[in-house]
There are 2 protein chains.
Amino acid sequence: MIHIAIVEDSIDAREGFRYLLNLDPDIKVIQAFESAEPLLMQEELLNNIDVILMDIELPGMDGIEATHRIRRAYPDIDILILTIFEEQDKILRAIHAGATGYVLKNSDPTELVSQIKSIREGGSPISPHVARKLLEQMQKSNDQQRTPEDYQLTKREIEICIEIINGYTYREMAEHLNMAGSTAKRHILNVYKKLGVNSKVEFMKKVVDEGLFHIH
Amino acid sequence: MIHIAIVEDSIDAREGFRYLLNLDPDIKVIQAFESAEPLLMQEELLNNIDVILMDIELPGMDGIEATHRIRRAYPDIDILILTIFEEQDKILRAIHAGATGYVLKNSDPTELVSQIKSIREGGSPISPHVARKLLEQMQKSNDQQRTPEDYQLTKREIEICIEIINGYTYREMAEHLNMAGSTAKRHILNVYKKLGVNSKVEFMKKVVDEGLFHIH
DNA sequence: ACGACAATTATCCGTTTAGATGATATAATG
DNA sequence: CATTATATCATCTAAACGGATAATTGTCGT
């Protein structure tokens with residue numbers, strides 16, 4: 001039996017979902033809310049539900065913020081975003097807030113039950129248009145990735161780059177790599193020329209922008 | 001009419017998909033291949049198909065590499081990965097290679113037609129288990145994000161931080177913000193104390209690591 | 001053998017930083 | 001009212017940095 005709470009400000013949608021879901025013998029809608037705050041205060045309820053259907057636009061706290069708070073306090077609850085919004089911005093924020101799925105309200109409502117069941121089986125239902133936005137986001141960030149080879153950095157220069165990224169001074173990196181400070185500097189300046197930058201900070205920026213060297 | 005090519009090494013699966021898809025009046029399977037290389041050489045074919053169903057494990061070039069090459073040369077072709085693999089690694093590589101969708105072979109085969117049609121309508125069908133892996137990936141990297149507020153940076157200090165990130169010197173940022181260079185410095189050093197760093201480079205590293213300030 | 005490049009070191013110069021110290025003014029807090 | 005935090009400016013020092021120039025060594029390919 002899957003226990004469900006609904007947070008949805010439109011009474012029609014709210015009661016529609018409640019009715020639809022209760023038709024399934026494996027699902028029980030415990031309570032439906034028109035805003036997030038009342039749900040957040042029901043501690044004993046939150047300890048006994050499995051899935052929350054969450055709208056984004058709500059009076060008071062929005063569904064993304066609510067998702068964030070609930071997931072932090074009750075990591076076992078799965079939250080399925082159910083909304084009309086398909087802006088990349090909202091989608092990403094919802095996912096970062098910890099949403100388990102993101103379904104558009106214009107989807108086939110009869111599929112909602114199978115989507116909820118799929119959540120309990122370890123899946124994350126995502127409407128195709130939402131998924132497209134996600135993929136585009138992931139592909140975009142990967143578009144103009146560069147590598148040290150693209151700039152024809154030499155072995156030694158690459159070592160130096162890593163030292164810079166780790167915040168060392170000329171002297172320190174020279175010690176680590178067994179060379180004179182002046183040599184370390186020579187290499188760095190060559191790297192600057194090759195990358196077209198003029199300082200460590202610009203260098204760092206370029207490294208981050210282009211994903212040169214995988215930091216962390 | 002949606003024109004389709006299939007790349008799938010198992011003859012049973014290949015002919016099964018071909019049969020299944022040809023049942024739909026809006027879909028026509030132009031050709032089915034058992035490996036990627038023959039498809040890549042059919043230039044005139046590639047100029048006339050809309051969607052490719054692509055397996056990952058193939059004799060010779062794998063489906064991910066094939067996806068990469070096709071997408072680079074024919075960006076208008078949508079590629080739907082259709083595979084048994086649900087490892088995060090393969091999923092991510094396929095997406096970075098430019099896949100438009102990623103469906104598991106154990107999905108309901110009768111849904112394949114609607115998934116292909118959803119692609120042509122700008123969607124990206126993704127099996128729920130695959131989507132879960134994607135969301136987990138996106139959420140993981142977002143775990144220990146910090147904000148300027150977490151370090152109680154003041155308005156002025158935040159302005160200074162942005163100047164640093166943009167690579168300006170004390171003097172330059174002082175001009176931009178209408179203050180003396182010494183004041184700019186004063187602020188920076190305060191920021192360093194609050195963040196626990198000792199130089200611009202360490203500052204940059206922290207900003208990158210913790211996602212303080214959204215660069216770009 | 002020659003040239004091109006990588007790697008190494010050094011020196012000089014002016015600028016920029018980090019760090020310390022001190023001072024003033026204003027707003028918020030207790 | 002006293003205290004604290006913020007914002008402002010100045011001065012000083014030592015270290016680090018960016019830029020230019022020059023020289024030596026080894027390797028690789030032509």
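Chain A is the first sequence line, chain B the second, and so forth, proteins listed ahead of strands; every chain is numbered from 1.
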Axis deviation across the helix from C:dA1-D:dT30 to C:dG30-D:dC1, five-pair ends, to the nearest 10°: 50°
Contact pattern, 5' to 3', of nucleotides 24-30 of chain D - B, S or - by protein heavy atom under 4.0 Å: -------
NZ or CZ of A:Lys200 within 45° of A:Tyr170 ring axis and under 6.0 Å: yes
Strand-adjacent residues in residues 180-191 of chain B, judged by heavy atoms under 4.0 Å from DNA chain C: B:Lys185, B:Arg186, B:Leu189
Upstream residue (5' side of DNA chain D) when B:Lys194 and A:Val201 are each assigned their closest nucleotide: B:Lys194
Pairing residues for A:Asp78 by the side chain to side chain donor-acceptor pair (under 3.5 Å) criterion, not counting sequence neighbours: A:Thr100, A:Arg120
Any side-chain donor near an acceptor of the partner, A:Glu210 and A:Tyr151, under 3.5 Å: yes
Listed nucleotide nearest any side-chain atom of A:Tyr170, set C:dT17, D:dT8, D:dC17: D:dC17
Closest to the A:Ser199 side chain, choosing from D:dG18, D:dA7, C:dA7: D:dG18
D:dA16 OP1/OP2 closer than 4.0 Å to side-chain N/O of A:Tyr168: no
Partners passing side chain to side chain donor-acceptor pair (under 3.5 Å) against B:Glu157 (at least two apart in sequence or in another chain): B:Thr154, B:Lys194
Taking distance alone, no hydrogens or angles, what donor-acceptor pairs closer than 3.5 Å link side-chain atoms of residues 5-18 of chain A to residues at least two apart or in another chain?
{"residue": "A:Glu8", "atom": "OE1", "partner": "A:Lys105", "partner atom": "NZ", "Å": "2.8"}
{"residue": "A:Glu8", "atom": "OE2", "partner": "A:Ser10", "partner atom": "N", "Å": "3.0"}
{"residue": "A:Glu8", "atom": "OE2", "partner": "A:Lys105", "partner atom": "NZ", "Å": "3.3"}
{"residue": "A:Ser10", "atom": "OG", "partner": "A:Asp12", "partner atom": "N", "Å": "3.4"}
{"residue": "A:Ser10", "atom": "OG", "partner": "A:Ala13", "partner atom": "N", "Å": "3.1"}
{"residue": "A:Arg14", "atom": "NH1", "partner": "A:Glu8", "partner atom": "O", "Å": "2.9"}
{"residue": "A:Arg14", "atom": "NH1", "partner": "A:Asp9", "partner atom": "O", "Å": "3.3"}
{"residue": "A:Glu15", "atom": "OE1", "partner": "A:Arg18", "partner atom": "NE", "Å": "2.8"}
{"residue": "A:Glu15", "atom": "OE2", "partner": "A:Arg18", "partner atom": "NH2", "Å": "3.4"}

Along DNA chain D (nearest heavy atom to each residue), the more 5'-positioned of A:Asn198 and B:Gln152: B:Gln152
Distance below 4.0 Å between B:Tyr192 side-chain N/O and C:dA18 OP1 or OP2: yes
